[in-house]
Amino acid sequence: MKTNEGIAATAIDVQKGERDYALLEIPAYMPWSERKLLEGESEALIAHLDATSMWLSPEQLQTVTESDFEELLSELKETLGNAS
C-alpha cells in the first residue's frame with residue numbers, strides 16, 4: 001500500500017515527464033546488446049533485458065551508458081545464480 005508521500009512522489013515524477021522506458025528505447029542499448037550477443041552472451045539473458053524498463057525523465061534517457069547495462073546484466077546473472 002502506498003503512503004501519501006509515495007503517491008505525492010509519483011505525482012511529482014509524472015509532472016516531470018518521467019516514465020518507464022524500455023531498454024530498447026534507450027539510444028545506447030541496441031549497440032551494446034548486439035555486441036554482447038556477438039561476444040557470445042546468452043540470448044535468453046539479453047532477451048530478458050530487452051523486456052526490462054527503467055523509470056527515467058527524458059533528460060536522464062541520454063545519460064544511460066553501457067556501464068548501466070553491464071550492471072543490469074551482472075545483477076540478473078547474480079539473481080539467477082542465487083535462484084538455483
Kindly determine whether Asp50 and Leu23 satisfy side-chain contact (heavy atoms from CB on, under 4.5 Å), including the steps that lead there.
CA-CA 6 Å; Asp50 288 350; Leu23 292 188; over 6 Å; no
Closest contact, heavy atoms only, Pro58 versus Gly17
CD-O, 3.5 Å
Leu49 to Tyr29 - nearest heavy-atom pair and separation
CB-OH, 3.4 Å
Going by salt bridge (charged side-chain N to carboxylate O under 4.0 Å, His left out), name the pairs with one or both residues in residues 59-68, residues two or more places apart or in two chains.
Arg35-Glu66
From CG (Leu80) to CG (Leu76), nearest 0.5 Å
4.5 Å
Glu75 backbone acceptor or donor facing Thr79 side chain under 3.5 Å
yes
What orientation do Phe69 and Trp32 show, parallel under 30°, tilted 30 to 60°, or perpendicular over 60°?
tilted
Partners meeting side-chain contact (heavy atoms from CB on, under 4.5 Å) with Gln60 (sequence neighbours left out):
Glu18, Leu56, Ser57, Thr63
Kindly compute the distance separating OG (Ser42) from NE2 (His48), expressed to the nearest 0.5 Å.
11.0 Å
Before giving the answer on salt bridge (Lys or Arg N to Asp or Glu O under 4.0 Å), spell out for Glu43 and Lys36 the whole-Å C-alpha distance, their side-chain angles and the decisive distance to 0.1 Å.
CA-CA 9 Å; Glu43 289 181 19; Lys36 294 304 275 189; over 6 Å; no
To the nearest 0.5 Å, tell me how far Leu45 CG sits from Leu72 CG.
12.0 Å
Heavy-atom side-chain proximity of Pro27 to Leu61 below 4.5 angstrom:
yes
For a quick test of reading the model, state the closest non-hydrogen atom pair linking Tyr21 to Ile26 and the distance between them.
CB-CG1, 4.5 Å
Within the side chain of Glu25, is there an N or O that forms a donor-acceptor pair under 3.5 Å with the backbone of Ala22?
yes
Find the distance between CG (Leu24) and OG (Ser33) and round it off to the nearest 0.5 Å.
7.0 Å
